[in-house]
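Scroll down for the structure; my scribbles are underneath it.
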2 protein chains.
Amino acid sequence: MSSEPIDTPTKILQATLKLLEAPDAKLPTMSDIARATGISRQAVYLHFPSRTDLLVAATRYQDRLNDIDTGLAPSRGARSGAERLDAFVTAWGNYIPKIYGVARAIMAVTDTDAEAAAAWNTRMQDMREGCSAAISALAEDGTLPPGTDIEQATDLLWTILSVRNWENLTQTCGWSQDCYIATIRGMAMATLARDLGALTDVLACTDPPA
Amino acid sequence: MSSEPIDTPTKILQATLKLLEAPDAKLPTMSDIARATGISRQAVYLHFPSRTDLLVAATRYQDRLNDIDTGLAPSRGARSGAERLDAFVTAWGNYIPKIYGVARAIMAVTDTDAEAAAAWNTRMQDMREGCSAAISALAEDGTLPPGTDIEQATDLLWTILSVRNWENLTQTCGWSQDCYIATIRGMAMATLARDLGALTDVLACTDPPA
DNA sequence: ATGTCAATTTACACAGTGTCAAGCAAACGA
DNA sequence: TCGTTTGCTTGACACTGTGTAAATTGACAT
């Protein structure tokens with residue numbers, strides 16, 4: 001813990017993340033955030049013009065903290081396309097739990113707030129880059145199923161790796177993180193890579209849901 | 001169009017569906033619904049105690065209108081497990097567009113309202129029955145990948161067929177309904193059935209996104 | 001006519017977001 | 001030392017949306 005003073009915007013962001021990442025996870029109001037920060041509700045508005053802006057800023061702050069790119073390094077270093085796909089799926093799949101609290105809040109306001117939807121879309125677009133790169137690598141290897149459209153394969157991988165799917169499997173169905181990773185890796189390989197060996201034990205996790 | 005008088009609750013439900021299924025699809029407020037019905041906002045509360053209750057009732061009313069079970073009949077008549085999986089995926093995939101408007105509204109309140117979440121979960125649980133039946137049929141044929149856990153395979157199919165995935169591919173990515181069906185069928189077969197022939201042209205729709 | 005009962009309307013309470021104005025206190029520069 | 005600026009507080013208010021309560025209408029039976 002550093003002893004240097006922290007500026008108020010950062011304190012607000014920290015408090016927001018803490019609330020969003022709490023296990024019981026109600027969606028916090030501006031009052032909640034202000035109280036958690038130890039300042040007045042109106043003071044929050046001095047630094048963030050709206051609730052949506054604050055949530056978006058919180059995602060960016062969190063990305064900085066988690067340093068997403070380091071996790072993706074093995075993916076870029078992969079030799080074959082299949083290897084790259086595999087590494088990317090694993091890296092992203094393990095990143096999701098770190099952002100889930102914030103993602104949940106953003107996705108919740110997305111239905112009513114166009115600006116939030118745009119922000120979330122932008123964020124997911126970054127992830128789509130990784131999908132696109134993995135698919136392209138497969139295409140160069142010729143391991144993509146014949147006649148496959150690159151854009152379309154990217155869309156599909158992007159959808160498979162959505163936070164909603166992670167949420168469904170781990171939160172609703174109760175899968176362990178390891179089980180999720182193993183299964184999604186298997187499904188991505190089975191669907192997108194001609195690597196038929198990977199088809200074996202796609203769905204044979206040793207760790208069944210609760 | 002029948003000429004017999006329609007009772008107020010039904011009129012409200014019809015107006016609600018109309019609003020939810022409108023192409024531009026903002027999430028309607030109680031005032032919107034009342035206006036569309038031609039009654040006062042408070043009169044709506046006379047028949048439905050809360051917004052959530054109204055939305056839930058609207059889903060049930062819609063299910064009655066659409067008669068979901070008839071579409072699923074071919075699935076139950078299928079001979080092989082793979083055939084059954086295929087028929088189920090197609091039937092459900094074609095049902096989603098009919099319920100999407102309402103589903104969207106329910107999913108939106110799900111994040112904040114536990115009662116709505118429960119209602120939506122129940123509804124999705126019905127669909128899960130179909131997933132479970134298809135997976136069991138595969139298991140009996142021995143076409144499920146070796147070592148696969150039945151529960152887990154059901155979870156996975158259920159997730160693949162989620163409304164969110166349909167939304168992502170057709171609404172966000174702009175896929176046509178036909179393209180969605182073809183791709184999801186291919187993915188389900190590739191991941192869950194040992195029918196390797198189905199792997200061919202999983203991602204070769206003639207109908208690319210806009 | 002009158003009582004009754006359901007449907008409806010007017011009015012109100014409450015939570016949450018966002019805005020505005022006035023004041024306060026510590027830091028900073030002349 | 002005296003202004004000035006900066007960041008925060010307090011308090012009030014407008015607006016939207018949900019949900020509740022009380023008063024009103026209107027049809028229908030007695």
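Chain letters run A, B, ... following the sequence lines, proteins first and then strands; every chain starts at 1.
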[Y] versus [X], side-chain donor and acceptor atoms under 3.5 Å:
| X | Y | value |
| --- | --- | --- |
| Gln177(B) | Trp166(B) | yes |
| Tyr61(A) | Gln14(A) | yes |
| Asp63(A) | Tyr95(A) | yes |

* To do: Tell me, please, the opening and closing nucleotides of DNA chain D, 5' to 3', among those with an atom under 4.0 angstrom from a non-hydrogen atom of chain A.
  => dC8(D) to dA12(D)
* To do: Give Ser40(B) one of three labels, base, sugar-phosphate or nothing, depending on what nucleic acid heavy atoms sit under 4.0 Å from its own.
  => base
Calculate, to the nearest 0.5 Å, the distance between atoms [atom1] and [atom2] belonging to [X] and [Y] respectively.
| X | Y | atom1 | atom2 | result |
| --- | --- | --- | --- | --- |
| Ser31(B) | Gln42(B) | OG | CD | 8.0 Å |
| Asp86(A) | Arg185(A) | CG | CZ | 4.0 Å |
| Thr110(B) | Asp111(A) | OG1 | CG | 9.5 Å |

* Starting from C1' on dG16(C), measure out to CG on Asp113(A) and report it in whole angstrom. => 14 Å
* Just how far, in rounded Å, is P of dT9(C) from CZ of Arg35(B)? -> 14 Å
* Are Arg123(A) and Glu129(A) within salt-bridge range, i.e. N to O under 4.0 Å? -> no
For residues 157-165 of chain B, dump all side-chain donor-acceptor pairs below 3.5 Å to protein atoms at least two apart in sequence or in another chain.
unit_1: Trp158(B); atom_1: NE1; unit_2: Met124(B); atom_2: O; d: 3.2
unit_1: Thr159(B); atom_1: OG1; unit_2: Asn168(A); atom_2: ND2; d: 3.1
unit_1: Thr159(B); atom_1: OG1; unit_2: Asp155(B); atom_2: O; d: 2.9
unit_1: Ser162(B); atom_1: OG; unit_2: Thr159(B); atom_2: O; d: 3.1
unit_1: Ser162(B); atom_1: OG; unit_2: Asn165(B); atom_2: N; d: 3.2
unit_1: Arg164(B); atom_1: NH1; unit_2: Glu167(B); atom_2: OE1; d: 3.3
unit_1: Asn165(B); atom_1: OD1; unit_2: Asn165(A); atom_2: ND2; d: 3.2
unit_1: Asn165(B); atom_1: ND2; unit_2: Asn165(A); atom_2: OD1; d: 3.2
unit_1: Asn165(B); atom_1: ND2; unit_2: Thr159(B); atom_2: O; d: 3.0
unit_1: Asn165(B); atom_1: ND2; unit_2: Ile160(B); atom_2: O; d: 3.3

* Kindly state which residues belonging to residues 44-60 of chain A come within less than 4.0 angstrom of DNA chain D, counting heavy atoms of the residue only, listed by number. => Leu46(A), His47(A)
